[in-house]
Amino acid sequence: MTVDAVRVELGARAYEVRIGPGLIARAGSEIAPLLRRPKVAILTDETVAGLHLDPFRQALAEAGIASSALALPAGEATKGWPQFARAVEWLLEEKVERRDVVVALGGGVIGDLAGFAAAVLRRGVRFVQVPTTLLAQVDSSVGGKTGINTAQGKNLVGAFHQPSLVLADIGVLETLPPRDFRAGYGEVVKYGLLGDVDFYEWLEEAGPRLATDAEARQRAVRRSVEMKAEIVARDETEEGDRALLNLGHTFCHALEKATGYSDRLLHGEGVAIGCALAFELSQRLGLCAQEAPSRLRAHLRAMGMKVDLRDIPGDLPSAEALLALMAQDKKVVDGKLRFILARGIGQAFVADDVPGDVVHTLLEDAIASR
Ligand code: NAD
Ligand code: GLY
């Protein structure tokens, strides 16, 4: 299998997302052209460090690149002020200079945190994303959204800071626990739902074998990245179309907050449930046929994914409380909730005028069916 390259066209800040097997093993030669001196600082998490840090550093060493690494605890709780401060101070102690490159080796948590650290360190240093989860390969490593969570909500503090290169080694996904793989699939299916019905149809057939079929996995990652790259090139800072990438996310962010960003609900699981709710909402508003949410639910079930609120263990707040959490969402404009709705599979659009009572009833019904 060869390596695919998808370019994110952002003028002087354009970069490539390289997707394929063996990219960790050749990381040194991939990254070397970016370096002004043969040295990088790597941020990772403890789980990824145990599995992939040594081969990664070895590959750098083979190209004559020295490296130092900091492994933070694995998990969403790391993406907050304390570990962020620790990472930034470590980068300063490592004497990372303005012209150096920081490497994020890990999933979306490490990518978002390391990207934000690179954005603020010495007013901005370059960084390379080496995403190791399916979610990070298809979504979080591309497009330059970086940041951390605070007590007030998710991703409320951050910066747009584009990586200089993304190396998505599809081989590293083989060590990913099945639950994390399925969670990442929530973001993959999102791309089909938002803008490519042919891709969605292919996923209905190929989805169940992505974890074991490397060729299919590479195709799924490539198509997802192509779609994201195209949207980001059109609307880097989310003035318009980029909001489409948030299909399912208004619901997802409220559910993640309600479950305390815990193991009860992973981000990609929340995205899948959120997509199912967004299609249900679209159907209730008369925008799409009943077939669309039913078909989506059937596919998510076939993939062994969480689909409905009843799939989230433990108690959930009332419909009112969930609506209040949605109002905290960054996508609130002039106090109005913005939803991504759909006229059918592959036909999403941004809606700013969704009646609150319809959303409320939808949530009440979803809670009642638990
Ligand atoms: P994660 O980074 O926590 O990774 C999930 C788990 O998998 C962790 O325990 C990690 O240690 C482990 N892991 C990572 N790679 C592994 C591998 N190859 N083998 C075995 N274990 C591995 O979570 P995630 O799902 O990758 O990312 C979620 C985060 O991404 C959330 O914070 C979300 O907000 C963010 N996100 C950001 C964007 C963006 O555009 N910046 C987009 C989507 C999601
Ligand atoms: N994951 C949403 C975005 O990158 O805009």
Side-chain angles (χ1 to χ4, degrees), residues 8 24 43-53 55-56 71-80 83 104-116 119 129-149 153-156 158-163 166 168-188 190-191 194 211 224-225 227-229 231-232 234-250 252-253 256-257 261-263 265-271 274 330-331 340 350:
V8 185
I24 295 253
L43 289 168
T44 186
D45 76 31
E46 286 162 2
T47 305
V48 176
L51 294 162
H52 301 293
L53 182 59
F56 184 69
L72 302 172
E76 187 72 30
T78 285
K79 220 178 96 174
Q83 296 297 335
L105 174 70
V109 164
I110 289 300
D112 281 13
L113 182 145
F116 186 35
Q129 290 265 21
V130 185
T132 62
T133 63
L134 180 58
L135 180 141
Q137 295 196 351
V138 300
D139 195 355
S140 63
S141 65
V142 181
K145 278 191 183 174
T146 71
I148 55 171
N149 308 324
K154 207 170 146 62
N155 298 330
L156 291 178
F160 284 100
H161 186 52
Q162 299 291 342
V166 182
D169 184 332
I170 57 153
V172 291
L173 302 182
E174 271 154 32
T175 59
L176 197 61
R179 185 177 173 195
D180 287 297
F181 193 90
R182 283 196 299 273
Y185 187 76
E187 299 278 9
V188 175
K190 176 191 83 177
Y191 289 104
L194 75 85
S224 301
V225 169
M227 290 185 72
K228 178 148 190 184
I231 290 174
V232 167
R234 241 175 24 226
D235 176 23
E236 182 182 5
T237 54
E238 201 170 310
E239 307 299 318
D241 272 6
R242 185 164 178 167
L244 293 172
L245 296 170
N246 294 316
L247 177 62
H249 282 61
T250 305
C252 169
H253 287 163
E256 282 185 288
K257 183 119 192 352
Y261 305 113
S262 69
D263 211 29
L265 185 72
L266 303 180
H267 176 74
E269 293 174 339
V271 171
K330 288 191 300 310
K331 284 92 202 170
I340 312 306
V350 182

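One is the number of the first residue; the rest follow in order along the sequence. All values below come from the heavy atoms of this structure, side chains included, with hydrogens, waters and symmetry mates left out. As the structure lists them, so they are numbered: ligands from 1, and atoms in each ligand from 1.
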Asker: What residues come within 4.0 Å of ligand 1, counting heavy atoms only?
Answerer: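 Lining ligand 1: D45, T47, V48, L51, H52, A74, E76, K79, G107, G108, V109, D112, T132, T133, L135, D139, S140, K145, K154, N155, V172, T175, L176, P177, D180, E187, K228, H267.
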Asker: Is the side chain of D169 donor-acceptor paired with the backbone N or O of I24 at a distance under 3.5 Å, no angle test?
Answerer: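 Looks like yes, one N/O pair under 3.5 Å.
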Asker: Any protein N/O atoms within less than 3.5 Å of an N/O atom in ligand 2? List the atom names and distances, or say none.
Answerer:
| unit_1 | atom_1 | unit_2 | atom_2 | d |
| --- | --- | --- | --- | --- |
| ligand 2 | 1 (N) | D139 | OD1 | 3.2 |
| ligand 2 | 1 (N) | D139 | OD2 | 3.4 |
| ligand 2 | 4 (O) | K228 | NZ | 2.6 |
| ligand 2 | 4 (O) | R242 | NH2 | 2.8 |
| ligand 2 | 5 (O) | K145 | NZ | 2.8 |
| ligand 2 | 5 (O) | R242 | NE | 2.8 |
| ligand 2 | 5 (O) | R242 | NH2 | 3.3 |

Asker: Are any side-chain N or O atoms of T146 and backbone N or O atoms of A159, one a donor and one an acceptor, separated by less than 3.5 Å?
Answerer: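 Looks like yes, one N/O pair under 3.5 Å.
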Asker: Look only at the side chain of K228 and the backbone of V138, and say whether a donor-acceptor pair between them is shorter than 3.5 Å.
Answerer: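 Checked: no pair found.
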Asker: For F56, enumerate each residue passing the ring-ring contact (aromatic ring centres under 6.0 Å, His included) test, keeping only those at least two apart in sequence or located in another chain.
Answerer: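 F56 satisfies ring-ring contact (aromatic ring centres under 6.0 Å, His included) with no other residue.
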Asker: Let me see the working for I231 and L194 under side chain to side chain contact (heavy atoms under 4.5 Å, CB included), right down to the final yes or no.
Answerer: CA-CA 11 Å; I231 290 174; L194 75 85; 3.9 Å; yes
Asker: Closer than 3.5 angstrom, by distance alone: can the side chain of R242 be matched with the main-chain N or O of E236 as a donor-acceptor pair?
Answerer: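 Looks like yes, one N/O pair under 3.5 Å.
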Asker: Side chain of Q137, backbone of T132: donor and acceptor closer than 3.5 Å?
Answerer: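 Absent.
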Asker: Might you point out which heavy atoms bring K145 and D112 nearest each other, and give the distance in Å?
Answerer: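 Taking K145 first and D112 second, the nearest heavy atoms are O-OD1, 3.7 Å.
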Asker: Excluding sequence neighbours, so at least two apart, what forms side chain to side chain donor-acceptor pair (under 3.5 Å) with D241?
Answerer: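 Partners of D241 under the side chain to side chain donor-acceptor pair (under 3.5 Å) test: R234.
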